[in-house]
Amino acid sequence: MQFSTSQASSDPVKKVGILGHSYVRRLPFTSPLQLPWFEVRKFDSPGAKVSNITQRSEWMRCMEYRPDIVLLVLGGNDINVDTKPNELSHKIKDLALLIEELTGADCLILSIEPRLQPRDISSGQYNTITRSVNRLLGRMLDSKSRFRGSGLQKEDLGYDGVHLSLEGNQKLLKKLIDICKYFWGINDV
């Protein structure tokens with residue numbers, strides 16, 4: 001179902017929670033962000049990993065918020081020389097399913113992005129693992145859990161080769177908003 005922004009304004013405001021690592025913290029807005037279609041809040045935990053996000057305070061804050069959609073931005077900090085793509089992709093999928101079970105929200109998983117200077121692993125190894133994990137996630141997710149590419153490229157990285165540049169952060173925020181609008185069939189003519 002598609003509707004214009006004027007129709008959307010009469011509907012209850014939908015809530016979007018963005019949960020993840022430092023990419024979320026650096027998104028260029030102060031939380032909450034009120035848009036004509038939905039409210040967006042960020043739940044950022046720098047250094048967060050799939051393996052530890054549920055022990056962080058931002059996890060509980062996101063669960064208490066009761067969003068309609070959770071955009072999951074995790075996985076990059078989990079990659080090291082010992083990472084097995086199949087195991088990491090299953091852990092990410094299981095986390096998304098847990099979020100859906102606890103909140104009743106749909107969980108959209110963003111792809112893990114390339115890094116030019118990852119920690120304790122070469123960029124070639126890191127990016128090879130990243131591509132494998134993204135490919136596996138794209139194949140394994142059912143209609144309830146969804147996987148989306150962020151559209152980010154190596155050129156969107158900042159000076160440190162890990163975090164996004166200012167332009168990259170703006171591009172990511174626009175992509176996240178577009179993902180939600182597409183998911184809900186919002187056509188803002």
We want to know whether Ser111 and Glu113 form a side-chain donor-acceptor pair, criterion being a heavy-atom distance below 3.5 angstrom. yes
Salt bridge between Glu64 and Arg61, side-chain N to carboxylate O under 4.0 Å? no
Measuring from atom OG1 of Thr54 to atom CZ of Arg56, what distance do you get when rounded to the nearest 0.5 angstrom? 10.0 Å
So, taking the atom named CZ in Phe29 and the one named NZ in Lys42, what distance separates them when rounded to the nearest 0.5 Å? 5.0 Å
Taking atom NZ of Lys174 and atom CG of Asn169, what is their separation to the nearest 0.5 Å? 15.5 Å
Determine whether Arg131 and Ile112 make a side-chain contact, defined as any pair of heavy atoms from C-beta on separated by less than 4.5 Å. no
Is any side-chain heavy atom of Ile186 less than 4.5 Å from a side-chain heavy atom of Phe38? yes
One thing to verify: whether Asp78 and Lys49 come together as a salt bridge, which I'm taking to mean a side-chain N less than 4.0 angstrom from a carboxylate O. no
Indicate yes or no: at least one non-hydrogen side-chain atom of His21 is less than 4.5 angstrom from one of Asp44. no
CG (Leu19) and SG (Cys62) are apart, to the nearest 0.5 Å, by 5.0 Å
Do you know which of Asn127, Ile129, Asp120 makes side chain to side chain contact (heavy atoms under 4.5 Å, CB included) with Ile79? Ile129
Under the criterion side-chain contact (heavy atoms from CB on, under 4.5 Å), I'd like the reasoning laid out for Leu71 against Ile69: C-alpha separation, chi angles, the key distance, then a yes or no. CA-CA 6 Å; Leu71 298 171; Ile69 284 184; 3.9 Å; yes
Are Tyr126 and Gln117 close enough that a side-chain donor and a side-chain acceptor fall under 3.5 Å? no
Any side-chain heavy-atom pair from Asp68 and Val16 closer than 4.5 angstrom? no
Please determine if Lys181 forms a cation-pi arrangement with Trp37, meaning its NZ or CZ atom is less than 6.0 Å from the six-membered ring centre and no more than 45° off the ring axis. yes
Could you state the interatomic distance from CG (Asn52) to OG (Ser45), rounded to the nearest 0.5 Å? 7.0 Å
Ile179 versus Ile177: any side-chain heavy-atom pair under 4.5 Å? no
Can you tell me how far apart CG (Leu88) and NZ (Lys84) are? Round to the nearest 0.5 Å. 11.5 Å
Does the side chain of Ser57 come within less than 4.5 Å of Met60's, by heavy atoms? no
Run the numbers on Phe183 and Asp178 for side-chain contact (heavy atoms from CB on, under 4.5 Å), then give the verdict. CA-CA 8 Å; Phe183 180 78; Asp178 288 346; over 6 Å; no
Which of Val24, Asp156, Leu164, Ile18 passes side chain to side chain contact (heavy atoms under 4.5 Å, CB included) with Leu172? It is Leu164
Heavy atoms, side chains only, cut-off 4.5 Å: are Tyr65 and Glu39 in contact? yes
Side-chain contact test, heavy atoms from C-beta onward, threshold under 4.5 Å: evaluate it for Arg26 versus His163 and give yes or no. yes
